[in-house]
There are 2 protein chains.
Amino acid sequence: MENLDDTAIAHIANYFQALAEPMRLKVLNALRSGDRNVGELAELLGCTTANISKHLSLLAKSGFVARETRGNAVYYRIADPAIFDLCNLVCGQVGKRLAAQAEMAAKLVSAQGKD
Amino acid sequence: MENLDDTAIAHIANYFQALAEPMRLKVLNALRSGDRNVGELAELLGCTTANISKHLSLLAKSGFVARETRGNAVYYRIADPAIFDLCNLVCGQVGKRLAAQAEMAAKLVSAQGKD
DNA sequence: TGACTGTTTAACTAATTAGTTAAACAATGA
DNA sequence: TCATTGTTTAACTAATTAGTTAAACAGTCA
């Protein structure tokens with residue numbers, strides 16, 4: 001990562017941007033267990049098909065998911081399992097932070113109890 | 001990552017959001033080689049101190065960098081080297097994609113040449 | 001104290017984008 | 001063909017945010 005020009009930096013930022021949205025993370029998480037079509041995802045995640053479709057379109061454009069038409073439904077699947085390595089790494093980081101925050105909060109509560 | 005509630009998902013999205021900005025990636029990259037104060041970063045990256053300061057503030061709030069006052073300058077450093085594992089992973093992914101795109105482009109050009 | 005250097009914040013503008021609604025489009029089957 | 005089911009897109013609103021400028025704030029030294 002040391003020597004990166006602006007376009008490379010922009011690509012990396014785009015990559016992160018695609019993952020920086022709760023609903024898109026939910027979509028990716030839902031696809032973990034296998035292919036799903038748009039309607040299934042919409043019902044599963046409790047939102048409109050239009051909304052899901054837009055998120056899927058962005059995820060597909062960024063190469064995270066792949067599109068396949070079967071009958072008159074459109075199925076999406078994870079195109080690159082590497083994102084889960086990434087998400088697991090981040091989950092670990094976020095988990096550590098939340099644990100640290102919880103510990104801090106506990107200390108504050110206990111300190112408050114003492115005075 | 002399988003079983004995540006909404007707050008956990010939101011934390012992960014926030015984590016990615018902090019990294020989804022070219023200038024912030026540049027700041028983190030600049031801090032790779034050691035501590036820097038706000039003015040140094042501004043000059044190095046060619047933007048205003050106000051702008052850098054805002055990005056640093058966000059990165060600090062998200063726990064990516066740590067703040068330290070020395071004299072009347074404020075030095076920032078990477079707080080958690082784990083982000084570089086993350087960035088290296090993403091760089092690898094993005095690199096693969098760019099290579100694939102370049103190959104595709106080359107094929108298109110060669111196909112065009114043939115007809 | 002006051003001048004200075006360095007950093008942060010407030011107020012603002014311009015641009016992006018998640019979500020909604022309704023309309024368009026695609027694929028199947030009668 | 002038409003009706004039905006499923007998906008995508010267009011147009012819009014509301015909210016967020018990167019960057020700018022100028023003002024406020026903090027730390028050092030005379």
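The chains referred to below are lettered A, B, ... by the order of the sequence lines, with proteins before strands, and numbering in each begins at 1.
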Nucleotide-resolved protein contact map, nucleotides 10-26 of chain D, B/S/- at heavy-atom distance under 4.0 Å: --------SBBBB----
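- In this structure, the side chain of Arg77(A) does not engage the main chain of Arg67(A) through any donor-acceptor pair within 3.5 Å.
- Cation-pi geometry between Arg32(A) and Phe84(A) is met: under 6.0 angstrom from the ring centre, within 45 degrees of the axis.
- Taking atom CG of residue Asn37(B) and atom C1' of nucleotide dT28(D), one finds them 15 Å apart after rounding to whole Å.
- In this entry the distance linking CD of Glu40(B) with P of dG6(C) reads 10 Å, nearest Å.
- Using a 4.5 Å cut-off between side-chain heavy atoms of Ile, Leu, Val, Met, Phe, Trp and Tyr, with links allowed through other members, Met23(B) and Phe16(A) fall into the same hydrophobic cluster.
- Under 4.0 angstrom from either OP1 or OP2 of dT8(C) there lies at least one side-chain N or O belonging to Tyr76(B).
- Ser62(B) contributes a side-chain N or O that, together with a main-chain N or O of Leu58(B), makes up a donor-acceptor pair within less than 3.5 Å.
- Arg97(B) forms a cation-pi arrangement with Phe64(A), by the criterion of a distance under 6.0 Å to the ring centre and an angle within 45° of the ring axis.
- Not one N or O on the side chain of Glu43(A) forms a donor-acceptor pair closer than 3.5 Å with the backbone of Glu40(A).
- Remark: Arg67(B) is in phosphate contact with dT8(C), judged by side-chain N or O atoms under 4.0 Å from OP1 or OP2.
- Whole-Å rounding puts the Tyr75(B) OH to dT7(C) P distance at 8 Å.
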